[in-house]
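Here the structure is laid out as structure tokens; the discussion comes afterwards.
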2 protein chains.
Amino acid sequence: MVKITDVARRAGVSPSTVSYALSGKRPISDETKRRVEAAIRELGYRPHAGARALASSRSNVLALVIPLRAGIHVPVVMQFAVSVVTSARRHDHDVLLLTQEEGEDGLRRVADAALVDALIVMDVQLRDPRLPLLRSLDRPSVMIGFPLESEGLTCVDLDFKAAGELCVERLAGLGHRVVALVGSPPEVYVRGTAFAQRVVQGFTAAAHRSALASSVHPCEATPAAARRLAERLLREHPALTGVVVHNEAVLEPLIDAFEQLGLRVPADLSVTAICPDETAAALRVPVTSVALPSAELGERAVELLMQKLTGTAVPQETLLAPHLTERASTAPRLA
Amino acid sequence: MVKITDVARRAGVSPSTVSYALSGKRPISDETKRRVEAAIRELGYRPHAGARALASSRSNVLALVIPLRAGIHVPVVMQFAVSVVTSARRHDHDVLLLTQEEGEDGLRRVADAALVDALIVMDVQLRDPRLPLLRSLDRPSVMIGFPLESEGLTCVDLDFKAAGELCVERLAGLGHRVVALVGSPPEVYVRGTAFAQRVVQGFTAAAHRSALASSVHPCEATPAAARRLAERLLREHPALTGVVVHNEAVLEPLIDAFEQLGLRVPADLSVTAICPDETAAALRVPVTSVALPSAELGERAVELLMQKLTGTAVPQETLLAPHLTERASTAPRLA
DNA sequence: TTCCTCCGTCGAAGCGCTTCGACGTCACGC
DNA sequence: GCGTGACGTCGAAGCGCTTCGACGGAGGAA
């Protein structure tokens with residue numbers, strides 16, 4: 001194994017000079033730097049990660065905790081993970097993969113062992129049991145998703161309020177005057193100020209601004225509930241021509257139900273959704289949707305961690321702007 | 001930070017004794033061991049990963065390289081990754097995630113820096129440019145998939161020959177007498193002794209054993225090619241009632257084509273496939289299939305690495321037994 | 001009893017790197 | 001001309017752990 005003393009000897013300098021040439025933490029003359037770099041190249045030197053971590057108390061490794069729960073959309077997780085790895089590499093860091101399964105112990109383990117410098121936790125729940133742990137850890141962390149109480153932590157997520165607005169604005173732009181939001185199951189709203197609520201806020205505010213008639217309908221995540229809701233919507237809002245769906249599970253059954261009830265999508269009814277792109281695109285009628293920007297999310301999470309690692313203060317909450325992709329489920333309102 | 005000397009003091013022993021009590025590399029009396037464990041618990045001691053890696057030249061971390069190519073089935077990769085992490089943890093190892101994108105440099109980097117003890121490389125190609133690198137690295141590795149030339153390396157994969165056999169045997173068991181294999185595009189076979197060839201071997205051998213009339217048909221990965229092939233099969237093999245498909249891309253178009261030609265699946269034609277479970281299950285007609293056992297694959301890969309790390313010799317090639325899942329595309333042959 | 005062996009433990013020497021303080025040199029200002 | 005920084009480099013001291021050799025004591029063999 002080639003070590004720093006080998007490089008130093010070859011370059012005719014001391015080991016500390018090699019270290020400084022590499023880290024840039026002290027000024028080194030161009031001439032010396034050149035010689036050091038040449039020696040490194042010629043010998044194929046690669047600093048020993050463990051030795052480095054021990055001496056500098058920095059492992060240059062980030063932990064990434066990925067969720068396993070059923071109902072999680074796998075490609076989204078994967079895309080996020082890849083983005084985290086790619087971004088981390090740009091900052092000269094590597095990524096250690098942990099599964100949710102290991103739970104809090106896993107987090108504590110890698111943090112206390114100084115195996116990682118910082119942590120990224122996906123799929124944060126409203127009352128996530130890992131919150132107190134993350135607060136108590138002496139390493140920075142970033143959470144994907146917003147818990148109820150994020151005091152002292154750092155969270156990133158899609159701006160669901162803006163996503164709700166965007167969907168409505170699109171429908172309004174197409175001339176629709178009566179819109180409805182098909183939301184998450186009722187219990188999601190009961191739990192508190194969550195992303196589901198934010199969608200409602202955005203939806204309602206934007207409908208108001210555009211002077212649309214609007215209504216909000218939580219919906220159980222079952223095809224039967226979707227069908228009942230479709231019937232009710234037609235009955236109670238006969239002029240309805242625009243629907244925003246924030247409930248992956250009922251998206252397809254809902255559209256089916258509407259069509260069985262005689263409405264064509266998008267000719268008679270325009271549908272937009274907030275859901276993973278893959279879901280929206282794979283439907284029989286590809287749905288115009290606002291996607292979870294997983295790649296951007298991963299990048300931002302890493303960026304925030306890097307700042308925290310350098311001691312820079314970062315905002316407690318970061319909201320990413322939504323982007324809407326036009327697909328086959330939206331059309332201008334027929335006169 | 002709690003260190004080994006703190007534990008030693010508290011337990012009334014020397015640091016080396018604590019180390020030995022932890023590693024079991026030298027005999028320690030039960031009494032001492034108890035005191036050490038108590039001290040560890042009371043102080044919340046956790047060995048510093050970097051220090052440990054430096055002193056022992058073992059990081060207890062495995063590298064996992066995941067593919068990014070289009071056409072890779074994401075859930076399969078994810079399942080595999082989770083399985084690797086879980087298995088690694090059982091052996092007290094962690095997993096560092098690398099993307100294919102980093103390529104050979106990434107492998108060399110983490111290996112030379114002693115950041116990882118061993119590597120798992122997914123999605124190995126027939127003439128993978130990483131092969132010579134893996135051979136030259138001083139760390140053990142396991143590849144998922146078989147390259148043309150695996151001399152000196154360790155590979156794991158589904159036993160594609162047995163998979164081909166299994167499909168045929170199932171069809172034979174259902175009474176089918178004339179079967180066809182719809183295979184990968186021709187160029188795949190030209191490249192050499194690969195998994196595609198093994199499927200053919202298994203298919204042919206099993207058909208022979210069961211005294212079935214059989215034929216093999218490579219097929220381009222386009223719907224048009226699938227349609228042409230369907231027509232040809234019906235023309236040239238009018239008695240055909242069983243098809244084995246080893247070509248994800250044409251699975252759906254092929255079934256569509258058969259049905260458009262007046263054959264009902266499974267009433268007139270039974271179809272089995274070798275493809276990811278998710279693909280098989282998501283089709284309009286869920287297809288009876290042999291899946292890639294990704295979880296088992298991950299586990300085996302880790303197990304093999306652990307053996308190699310302890311210096312145990314392992315087989316160069318490990319083949320996993322295929323499992324067939326019955327779905328809606330197979331039925332007994334009508335008299 | 002004596003000798004040898006094995007068991008259980010200790011002390012010390014690193015593992016390869018970073019970092020701190022120190023030191024010589026040179027340029028500049030007064 | 002001399003003090004004063006800033007610059008560029010060096011030496012040495014760890015970072016926290018493992019591991020090697022050594023050693024005292026107990027037990028068995030001779």
Side-chain angles (χ1 to χ4, degrees), chain A residues 1-37 39-40 43-61 92 109-117 138 309, chain B residues 1-37 39-40 43-61 92 109-117 138 309:
Chain A
M1 177 189 201
V2 184
K3 32 200 191 186
I4 201 170
T5 50
D6 300 328
V7 175
R9 197 175 317 118
R10 175 130 190 170
V13 296
S14 78
S16 53
T17 299
V18 175
S19 180
Y20 286 124
L22 241 48
S23 70
K25 294 193 180 171
R26 286 205 183 169
I28 297 289
S29 71
D30 285 353
E31 166 54 15
T32 303
K33 216 175 283 178
R34 232 188 331 273
R35 287 217 314 284
V36 168
E37 279 158 11
I40 288 178
L43 298 174
Y45 168 67
R46 197 90 59 159
H48 187 289
R52 197 178 254 229
L54 178 56
S56 67
S57 35
R58 269 274 202 286
S59 65
N60 275 33
V61 175
D92 196 32
R109 183 174 59 79
V110 296
D112 286 356
L115 190 49
V116 305
D117 295 336
D138 53 341
L309 282 173
Chain B
M1 177 188 200
V2 184
K3 31 199 194 188
I4 201 170
T5 51
D6 301 327
V7 174
R9 197 173 318 118
R10 174 126 189 173
V13 298
S14 78
S16 54
T17 300
V18 174
S19 179
Y20 286 125
L22 243 48
S23 71
K25 294 192 178 170
R26 284 205 183 168
I28 297 290
S29 70
D30 286 352
E31 166 55 15
T32 304
K33 217 176 280 176
R34 232 188 331 271
R35 288 218 313 284
V36 168
E37 279 159 10
I40 289 177
L43 299 174
Y45 168 68
R46 197 90 61 161
H48 187 289
R52 196 177 256 231
L54 178 57
S56 67
S57 36
R58 269 275 200 286
S59 66
N60 275 36
V61 174
D92 197 31
R109 185 174 58 78
V110 296
D112 287 356
L115 189 49
V116 305
D117 295 336
D138 53 342
L309 281 173

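Lettering follows sequence order; numbering is per chain, from 1.
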Give the rounded distance in Å between these two atoms: CZ of R46(A) and P of dC17(C). 13 Å

Applying side chain to side chain donor-acceptor pair (under 3.5 Å), name anything that partners S19(B), two or more places apart in sequence or on another chain. none

Base versus backbone protein contacts along nucleotides 9-15 of chain C [heavy-atom cut-off under 4.0 Å; B, S, -]: BBB--BB

Which residues satisfy the side chain to side chain donor-acceptor pair (under 3.5 Å) test with D117(A), sequence neighbours excluded? S59(A)

Rounded to the nearest angstrom, tell me the gap between atom NE2 in H48(B) and atom C1' in dC17(C). 12 Å

For A8(B) and S14(B), the nearest pair of non-hydrogen atoms, with its separation, is CB-C, 3.7 Å

Is there a side-chain contact between R52(A) and the phosphate of dG16(C), meaning an N or O under 4.0 Å from OP1 or OP2? no

May I have the distance from I4(B) (atom CD1) to dT19(D) (atom C1'), rounded to whole angstrom? 11 Å

Test salt bridge (Lys or Arg N to Asp or Glu O under 4.0 Å) applied to R26(B) - qualifying residues, sequence neighbours left out: none

S29(B): partners by side chain to side chain donor-acceptor pair (under 3.5 Å), with sequence neighbours left out: T32(B)

Under the salt bridge (Lys or Arg N to Asp or Glu O under 4.0 Å) test, residues paired with R109(A) that sit two or more places apart: E102(A), D94(B)

Please report the distance, rounded to the nearest Å, between CG in L22(A) and P in dG16(C). 17 Å

Check this one for me: any side-chain N or O of K25(B) less than 4.0 Å away from OP1 or OP2 of dT19(D)? yes

Quick one: salt bridge (Lys or Arg N to Asp or Glu O under 4.0 Å) partners of R58(B), sequence neighbours excluded? none

Relative orientation of the end axes in the helix from dT1(C)-dA30(D) to dC30(C)-dG1(D), expressed as an angle to the nearest 10° (five pairs per end): 40°

Quick note, salt bridge (Lys or Arg N to Asp or Glu O under 4.0 Å) partners involving residues 43-52 of chain A, not counting sequence neighbours, are R46(A)-D112(B)

Tell me: CG of N60(B) to P of dC17(D), nearest whole Å? 14 Å

